[in-house]
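The structure appears right after this line, and notes come after that.
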Amino acid sequence: MSALHDEINRLKEEKNAIILAHNYQPKEIQEIADFLGDSLELCIKASQIEDKDLVVFCGVDFMAETAYILNPDKKIVIPDLEAECPMAHMLPEEELLKAKEEHPDAGVILYVNSIAEAKQHADTLCTSANAVKVTESLPHDKILFGPDKNLGMHVQKSIDKEIIPTPKDGHCYVHRLFHVEDIELKREQYPNAVVICHPECSPEVQEACDEILSTGRMLKFIAESEKEEFIIGTEIDMITRINSEVPGKKLYPLLEGAICKTMKLHTLEKVRDALKNEAPEIIVPKDVAEKSLKAVQHMLESSK
Ligand code: 13P
Ligand code: SF4
């Protein structure tokens, strides 16, 4: 272990801190995290950290904001404040309010990848791991669903409700990089491999895959599968996570260049500094956090 690792561990103990990290974090961050997971697993974990005073969130802004909404009395810090998810910013509060006015009879489900100012106007939230279940849990026949159009269309396929994408073309720029031709090419190269993609991929890509799974479910699926080879259609460091936990499998990226740039802004040095300085802090305005909590709790309840 390096001196930097020692320093991080010492500061963590001194500050009674926990390091939460998303599956897309680079290897060195995955290795020092106390808890690694997909968005839903991270939300659940963030709701169970009563004994900690400080949370270092190695992920993107909306994840740290959700941890704050669940823990307004704790300090939530993010090693690099620039780590934003562009998709989360594709649905501004005003646009959601306008859509609600146009569809007053619709329920509102927001992907957890949304800004807190929008979350406060949602009936509930979802992640890619629980989107269908959460949508079923609302009594409405019509659902305003945003910001990810592709996840909305994925839900639409298995549910008898009308999904209205809000905005019309919310998307993840990383998952938009995948095309059907990439799958065809990889299938030729690795004919025995199971092709797995994330529901943020386009409907055509989803259609051409064998499994459509959240990052957490990818890990579970591969661990439980008797198959040996898998083509992974999501952010590149998901392979790092699976490799470290499920030895003996052969994993091939659908695209080597599928990199979420902002997820990679966190470094060990920045984690050390965040612990030392208890900054940069993520703070959601009190009224916004209070109003958003209802939707976060509804999601956690309905995904049990
Ligand atoms: P997961 O919840 O599947 O980890 O997805 C989060 C995300 O941002 C995918 O791009
Ligand atoms: Fe946002 Fe896409 Fe990065 Fe996920 S991969 S955090 S949706 S930009």
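Both counts, for ligands and for their atoms, begin at 1 and track the order of listing.
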Among all residues two or more places apart in sequence or in another chain, which pass the side-chain contact (heavy atoms from CB on, under 4.5 Å) test with A122?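 Counting only residues at least two positions away or on another chain, A122 forms a side-chain contact (heavy atoms from CB on, under 4.5 Å) with V108, L110, L125, A295.
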So between S39, G37, G59, whose heavy atom ends up nearest atom 6 (C) of ligand 1? S39
Identity and distance of the protein heavy atom lying nearest [atom]:
atom                    : result
atom 10 (O) of ligand 1 : E200 OE1, 2.9 Å
atom 8 (O) of ligand 1  : N113 ND2, 3.2 Å
atom 5 (O) of ligand 1  : H198 NE2, 3.3 Å

Would [X] count as a contact of ligand 1 if the rule is a heavy atom under 4.0 Å away?
X    : result
E235 : no
S128 : yes
M87  : no

With sequence neighbours left out, the residues meeting ring-ring contact (aromatic ring centres under 6.0 Å, His included) with Y190 are Y252
Decide whether L185 and I231 are clustered together by the hydrophobic rule: side chain heavy atoms of Ile, Leu, Val, Met, Phe, Trp, Tyr closer than 4.5 Å, transitively. no
Any N or O on T215 sitting closer than 3.5 Å to an N or O of ligand 1? yes
Can you see whether Q25 engages H266 through a side-chain donor-acceptor pair at a distance of less than 3.5 angstrom?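 No - no donor-acceptor pair under 3.5 Å links their side chains.
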Residues clustered with V77, ILVMFWY side-chain links under 4.5 angstrom: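 Members other than V77 - counting any ILVMFWY side chain reachable under 4.5 Å - are L4, I8, L11, I19, I29, I32, L54, V56, L268, V271, L275.
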Closer than 2.8 Å to atom 3 (Fe) of ligand 2, which protein N, O or S atoms?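 You should have found C260 SG.
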